[in-house]
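Report on the structure given below.
Every heavy atom of this structure was used, including side-chain atoms; hydrogens, water molecules and symmetry mates were not. As the structure is a prediction and not an experimental result, all values here were calculated from the model. Residue numbers begin at 1 in each chain, while the letters A, B, ... track the order of the sequences.
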Amino acid sequence: MREEQLVIKMNTDFFILLKPELSLTFIIFILLIIKVSDGMNKNSSIIHLANFLLLINFLLGFIGNTTGTLFSDMYHTNGLISLEKNILNFGTLIISLQAYEWLKNHKHVIEFYILLLTTLLGMFFMVSSGNFLMFFLGLELASIPLAAIVNFDLEKIKSSEAAVKMILSSAFASCIMLFGISLVYGTTGTLNFAELPTLITNNPLQILALIFVFTGFAFKLSAVPFHLWTADVYEGAPVPVTAYLSVISKAAMVFVFISVLNPLFQNVPNVWYNMLFLTIVLTITIGNLFAIRQNNIKRFLAFSSISQVGFILLGISSGTAMGVSASVYFLIVYIFSNLGAFGVIALVAAQTEKENISDFKGFYKNNKTLSWIITIALFSLAGIPPTAGFFGKMFLVTAGASKGNYVLIIIAVLNMVVSLYYYLRVVKAIFVDENESPIEKIESNLYSKIALYICMAGIIFTGFASVLYDYINSLM
Amino acid sequence: MTNLSILVIFPLLTTFAILFCRNVTQIKWTALIGSLLQLTIASLLMYSYYGERAAGNTAQMLFEARYSWYSAMNIEYYVGVDGISVIMIMLTAFVVTCGILISWKIETLTKEFFFLLLLLSVGAYGFFISLDLFTMFFFLELAVIPKFLLIAIWGSGKKEYSAMKLALMLMGGSALVLIGLLATYFNTDIGGGVHTWDLLKIAHMHILYETQLFIFPFLFVGFGVFTALFPFHTWVPDGHSSAPTAASMFLAGISMKLGGYGCLRVATYLMPEAAQHYSWIIVLLATIAIIYGAFATLMQKDLKYINAYSSVSHCGFILLGIGMLTKTALIGAVMQMVSHGLMTALFFGAIGMIYERTHTRQIKELGGLLKTIPFLSSVFIIAGLCSLGLPGFSGFVSEMVVFVGAWQQPDAFHRIATILAAASIVVTAVYILRAAGSAIMGPIKNEHFNHLKDATWNEKMASVLLIFAILSIGLAPFWLINIISPDTQIIMENIARGAIGN
């Protein structure tokens, strides 16, 4: 009798704790059944359905979040992790809304959604992992389908090239990380995140192992010097996929970074800090310097997002709860800002095939609203008040400064000025530069309008209103 | 008018109202009425400030209001004013109103123009009322980027270059300020390892001397970039001369004062020991700026460049006053901020109005304007005379106070600096009188100047407002000295405390 109760309790636990994953799996199955049964042929109705399901999925993420572990500590969740997953849900929903223009004439809409949601599922497991094995499983589940959707502009050679580049370099990074993990296991005898931190010491082999693991992470985050794949992949991939890569897959990686690597290195703080210091300086500086030279707007955003990652690492490097909440807060702001910019670019790319900064010259003439939206989004990325990006950057820099390393802060802050230069270049192209044939008026559909307005509201209000930050802080 | 937040909220509401306007006339009137009401609000604020002080309220800051904003980092929305801030708010209200009046004829993208101009003013008002360093920094940066768009879109000449240079240099300045503020924040302790951004609390804290020596240069140079501290003044000539008239007025009239106010209120007030330690460098750089600015102006042929370079020279007096670290010199610095703000706004306004009619700003192409457009020419001459420091105008009073204050430093170094700075006035007289002489007086150089129309109602109103303010300081300076004197006294006490501490 008692045993039976235990089983039942475990089962309800299973459903409650795994709710985000199960809800995603459910959507994937629905889409799969539709595909197999040939039930829906109209693209638009599939997209409506998918958006609806994603919305439900996002709303479900707000209720019934608890703390607990499953599968003998393989999987764990708590308030912060639930929030992180819902941030990812939210970003995916926005991207799906923005992808309408591109997907409505695409041949393989259902496949796109299935692959997209599978990667999201992988990220969920990654974020929730309590063990290196689970983490690696999630990571691979997240990476491989991603390479497939990078290739989703089926007629374009560049898109296939990007996919091949991505899968090869991604596999290489996974290898290095796996090697690191095996060394960790060899020296400690466990892969459980809860047990590992106390077992890690200044042992050189362990440090080597951790550096390999860190390399894997840095690669996925496209931190310098492991960033070389980023620009080509971003350029080749369809715009919504680029948005997904630069926002969602990065955010997921940062979340794991916060919950896994930070505690893992707690016994070797100097190694950890020096490693981060070097990575941060390189990432911010190189990302910025390369962003200045770009003409393709997707490559441009790729490099700018590299430098943004540097700032996130700056916040994390403080190793305090403040750093963690600043990073999570910044990521939310970053999702709003980056998706605001990508939303406009996606519309333009879908209707005119134009993706260069020089094509945006005189954009303001025919597209006033869209111009303001992309400008505000870029200002938010640059960290200009009153946008939320200002607060996000400020908190990251403040967290970073708590260590008292002003060399790092000076480098970071001066880089903010450099980054302003290239963001302003785009703004200048939109508002000031002359163009004989500026982009015609872009007709935006209801979905992208909704997505863009949500992003704008987010950029403007999440900064002024301290509610969101206070909420994140309360989860620490 | 005891609720200070209305100073920020009201212009913000005006900007929103502009977004909903349907045509150009509505936009212009909304902006004008909004700024006139704001001027009224500012005047009422000054009136009630006088009332409170007369009633014997000796609190350092009046009309304080404090709301917790980001409690995790102890960031507050904390506002309050003393005499210096009240005066700066009045200045802002005057310049913004006149800027809007003078921009009456803007035809391209009118809505965007007034929107950005008013957004700038929100930044300035917010900066002057903030007593929380984070909030202050927020408003400081808010007042940078609209300038980029104003210059790049509506500017003239090499506007894109100037706009980018201005935006980057000012952002560089505020980046330095940010570093200084962060270092300040982490060196404060209000018990239990909790840090604070509260300006007044930090002022009463003893930050270690060595730490101050580290922080002060960041804060002072950072704010100094805004107020044309040599050698970071290079954005001034390009930015001012490329900007549309109203933006030039705002830039020189208010934006450069943000820097001066920050140097005084944040850098010098919070780091008194370091201010003493570095004061000789400030004096040196300020003297260089004064002399260099004056001689550089001599070489200019374009009216806007003349005023821009002379701004470098005049803003040097602000820094000189701060660097001298005597009470009189600080009063002089604040007065110079106000006086230069009004005078240079009037000057840029006059140049803009003349340019609109003659389509040239080159001195050698102008001439005889006094005969055809007497009102505008008189305005130009009044601004010029104020600039060269003719008694009766505000320029004379404020520069005089700076010199008197500077002379109170008895050693040779300060004396030499003072003498050199005072000597620069001769150079000022040369370039101002030359410009006025050949551009305004003399024979009419161009046939088409005969058909120019004199000032319209809006231009007259703007000029009269500014001249009224200039004269009210120039003829009766004591009301201004009385209002700022107690606050400079407080800053001086902090500095004196530092002197004893060493």
Seminar exercise, completed: Bottom line for L140(B): the part with an atom under 4.5 Å from chain A's heavy atoms is neither
For this session: Report yes if the side chains of I332(A) and I472(A) come closer than 4.5 Å at any heavy-atom pair, otherwise no.
Result: yes
For this session: Please confirm whether the backbone N or O of F128(B) pairs with a side-chain atom of Y261(B), one donor and one acceptor, at under 3.5 Å?
Result: yes
Seminar exercise, completed: When the 4.5 angstrom heavy-atom criterion is applied to M164(B) and chain A, the contacting part is side chain
For this session: Indicate yes or no: at least one non-hydrogen side-chain atom of T184(B) is less than 4.5 angstrom from one of W197(B).
Result: no
For this session: Side chain from CB out, backbone as N, CA, C, O: work out which of these in L182(B) comes under 4.5 Å of a heavy atom of chain A, or both, or neither.
Result: both
Problem set entry | Carboxylate-amine/guanidinium contact E434(A) K361(A), below 4.0 Å | no
Problem set entry | Part of L168(B) within contact of chain A (heavy atom distance under 4.5 Å) | both
For this session: Evaluate salt bridge (Lys or Arg N to Asp or Glu O under 4.0 Å) for R66(B) paired with D198(B), printing each intermediate quantity in order.
Result: CA-CA 10 Å; R66(B) 189 191 271 272; D198(B) 182 327; 2.9 Å; yes
Exercise. Between F330(A) and K393(A), is there a cation-pi geometry (under 6.0 Å to ring centre, at most 45° from the normal)?
Worked result: no
Exercise. Is a side-chain donor or acceptor of T188(B) paired with a backbone partner of T196(B) at a separation under 3.5 angstrom?
Worked result: yes
Problem set entry | A465(A) portion near chain B, given a 4.5 angstrom heavy-atom threshold | backbone
Problem set entry | Side-chain heavy-atom pair W235(B), H240(B) within 4.5 angstrom cut-off | yes
For this session: Can you tell which part of Y406(A) gets under 4.5 Å to a heavy atom of chain B, answering side chain, backbone, both or neither?
Result: side chain
Exercise. Can you say whether Y423(A) sits under 4.5 Å from chain B via the side chain, the backbone, both, or neither, judging by heavy atoms?
Worked result: neither
Problem set entry | Portion of F379(A) that has a non-hydrogen atom of chain B nearer than 4.5 angstrom | side chain
For this session: Check each atom of A167(B) against the heavy atoms of chain A and say whether the ones under 4.5 Å are side chain, backbone, both or neither.
Result: both
Exercise. Counting heavy atoms not belonging to K403(A), are there more than 12 under 6.0 Å from its NZ?
Worked result: yes
Exercise. Is the shortest heavy-atom distance from the side chain of L331(A) to the side chain of F255(A) under 4.5 Å?
Worked result: yes
Problem set entry | Which atoms of F186(B) approach chain A - backbone, side chain, both or neither, heavy atom under 4.5 Å | side chain
For this session: May I ask you to test the N74(B)-H195(B) pair for a side-chain heavy-atom distance under 4.5 Å?
Result: no
For this session: Side chain from CB out, backbone as N, CA, C, O: work out which of these in L181(B) comes under 4.5 Å of a heavy atom of chain A, or both, or neither.
Result: neither
Exercise. Under a 4.5 Å heavy-atom cutoff, which of V122(B), I153(B), V144(B), L119(B) has the most pairs with chain A?
Worked result: I153(B)
Exercise. Which one of V418(A), D433(A), L424(A) has the most heavy-atom pairs closer than 4.5 Å to chain B?
Worked result: L424(A)
For this session: Flag the one option from F137(B), Y185(B), F139(B), Y77(B) with the top tally of heavy-atom pairs under 4.5 Å to chain A.
Result: F137(B)
Seminar exercise, completed: Of N473(A), I384(A), I409(A), T375(A), the largest count of non-hydrogen pairs under 4.5 angstrom with chain B goes to I384(A)
Exercise. Between F431(A), F464(A), F391(A), W372(A), which has the largest tally of heavy atom pairs under 4.5 Å with chain B?
Worked result: F391(A)
For this session: Can you tell which part of V427(A) gets under 4.5 Å to a heavy atom of chain B, answering side chain, backbone, both or neither?
Result: side chain
